[in-house]
Number of protein chains: 2
Amino acid sequence: MKLAELYRHVKPEAAKLEKEIESAIVSNHDVLERTSSHILQAGGKRIRPVFVLLSAKCSSYDFDEIKKVAVPLELIHMASLVHDDVIDDADTRRGRETIKSRWDNRTAMYTGDFLFAKAIQKAAESQYLDVHPILSRAMREMCIGEIEQLRDQYNADQSLKDYLRRIRRKTALLISVSCELGAVVSGADESLRRALKWYGYYAGMAFQITDDILDFTGSEKELGKPAGSDLIQGNITLPALYAMQEDKELNQMIRRYTNDPERAELPMDEVIRRLRNTTAVARSRELADAYVHKAVMMLKPFSGSDTDALVRIAHFIGGRRF
Amino acid sequence: MKLAELYRHVKPEAAKLEKEIESAIVSNHDVLERTSSHILQAGGKRIRPVFVLLSAKCSSYDFDEIKKVAVPLELIHMASLVHDDVIDDADTRRGRETIKSRWDNRTAMYTGDFLFAKAIQKAAESQYLDVHPILSRAMREMCIGEIEQLRDQYNADQSLKDYLRRIRRKTALLISVSCELGAVVSGADESLRRALKWYGYYAGMAFQITDDILDFTGSEKELGKPAGSDLIQGNITLPALYAMQEDKELNQMIRRYTNDPERAELPMDEVIRRLRNTTAVARSRELADAYVHKAVMMLKPFSGSDTDALVRIAHFIGGRRF
């Protein structure tokens, strides 16, 4: 089962949003248009626009207002990916060359800035005054999340709390904002708006934890990058933190790598074999499931066909295999 | 005479704006607050907020509305400086260490993003709906300007037109927007708004040309960096372009440098001596003066005490010595 099948009933609208995103990045400058198309064509699940759509479906759905928030959200997400690639020195993302690799770091940085500016432009079309403060808060928190990721990078002494704080800002917040803005632009009442905001937050936490599990359990083909890439880049995620608690040798192996300024090679096959022999993956899945449960509970008071798709997506996120 | 003396009559308001900028960058994250303060304390002329103030003085001045556009404009300017330093690999700016030098490139990039987000947050407080589209257009154009600067970097075959297009986007547009937004938030009528927008554009062109002249005529102490730094970084500005037309040896000297992938040392004393023996500085000043004249002419139909300060600032910009 693929994510797309879960939102079959909004497929025409999702396709229309895709067109809107494409036309939003049109620019009168050839390089910026090519770099922006490049990141757009690299694809992605477009989960933020889908969360806006599905959240808006719970109230008075109005596509013209939805696009004015769904497009900026995806553009902000894309901008953050482009800036991440500058920072991570990544040459590929989802199996494709990154902008910083095909062009250069400078072009990548300004492409990110350009996408931010385009997002603000699009959001300015919205008649809802809450949109800008909500989006700018999300952008600020994402920046803080990135700085925290830098601080925690290669730090084997970080706690679960550090990890959770990081993914909250890095991922959960923008998904939460997607659901909240879907509520805002469809005139949802205060209680539904609040419920959708928290639903998005919990679903976002589950989404990132699952992503971090897949980094150790997926194949290179599924991931578009070698398994264990996060750890190689010094991003110590939940499964690694759990596994380090259980397997002392693995713990030392990872510390040798993170403490070594030269970053001598980490024997990834061995790391993954050891990690799978611990309960790390199972415990990570448990935590993801707990977040899925919390997400679903937020929608309980509003149960009905409108929230069904969101409930199903939350469950899917918990168990997804790609 | 210093620029500050020209706007003595708005000094209390300028000081209040400075406080507003300081409080705008407060964050719940220590690194981002320190990096943001660092760039704030590096100073600068704050000409964008001053242009907002003086433009607003021409109509119904309302400080509470002014600050909601003046602060974002300065934050956007600061963000672009931080990103410039990443790109230029600059270790000092205005004689102080840059963020990328004291911290690192990654922190500098996210500090810039953070300042952009703070700018949007502040602008969202404005009741004037025109603010966001105007700001986002300026941000987009600035990104295009930066990409063009990369394209033209170390390109000795560029034309005057390339140079002018670049500084339009890099500098003139944000100053134009400062004046236009000053008009918008003080309820100026359409004709004054248009005049101020064009005044700002021409004053901004004059400002950047003067800056580019000073890079060759100022002392290291005045500039906070060695004379000729722009050229060393491959940024071929108006005086250099003019001088290259006149002095064939200088032309070849510069081409040897820009065409050499190793960037062997450019004998800057010799370059400056030769450049000063041409009419390059005089011709550059003439063009700056022509822009000053255009700026002043825009305000002619509105002449009176309100526009006096703007006229004086335009003249000052044309002849400034720092």
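Atoms considered below: every heavy atom in the structure, side chains included; atoms not considered: hydrogens, waters and symmetry mates. Each chain gets a letter, A, B and so on, in the order its sequence line appears, and its residues count up from 1.
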Taking every non-hydrogen atom, the tightest pair across A:Ile147 and B:Leu32: CD1-CD2, 3.9 Å

Got more than 12 heavy atoms from elsewhere within 6.0 Å of [atom1], [X]?
X: B:Lys68; atom1: NZ; answer: yes
X: A:Leu160; atom1: CG; answer: yes
X: B:Arg263; atom1: CZ; answer: yes

Filtered by a 4.5 Å non-hydrogen cutoff, the part of residues 131-143 of chain A contacting chain B is A:His132, A:Pro133, A:Ser136, A:Met139, A:Arg140, A:Glu141, A:Cys143

At a heavy-atom separation under 4.5 Å, does A:Ile144 approach chain B through its side chain, its backbone, both, or neither? both

Euclidean distance, A:His83 NE2 relative to B:His83 NE2, rounded to 0.5 Å: 5.5 Å

Output the distance between atom CE (A:Met109) and atom CG (B:Asn105), rounded to the nearest 0.5 Å. 8.0 Å

Pairs satisfying salt bridge (Lys or Arg N to Asp or Glu O under 4.0 Å), at least one member in residues 111-120 of chain A, at least two apart: none

Worked verdict on B:Leu129 versus A:Leu129 for side chain to side chain contact (heavy atoms under 4.5 Å, CB included): CA-CA 9 Å; B:Leu129 296 178; A:Leu129 296 178; 3.9 Å; yes

Pairs where residues 135-186 of chain A contributes a residue and the test ring-ring contact (aromatic ring centres under 6.0 Å, His included) is met, not counting sequence neighbours: none

Pairs in or reaching into residues 174-188 of chain B: which pass side-chain hydrogen bond (donor to acceptor under 3.5 Å, both in side chains), with residues at least two apart or in two chains? B:Glu180-B:Arg193

Side-chain contact test, heavy atoms from C-beta onward, threshold under 4.5 Å: evaluate it for A:Gln153 versus B:Arg106 and give yes or no. yes

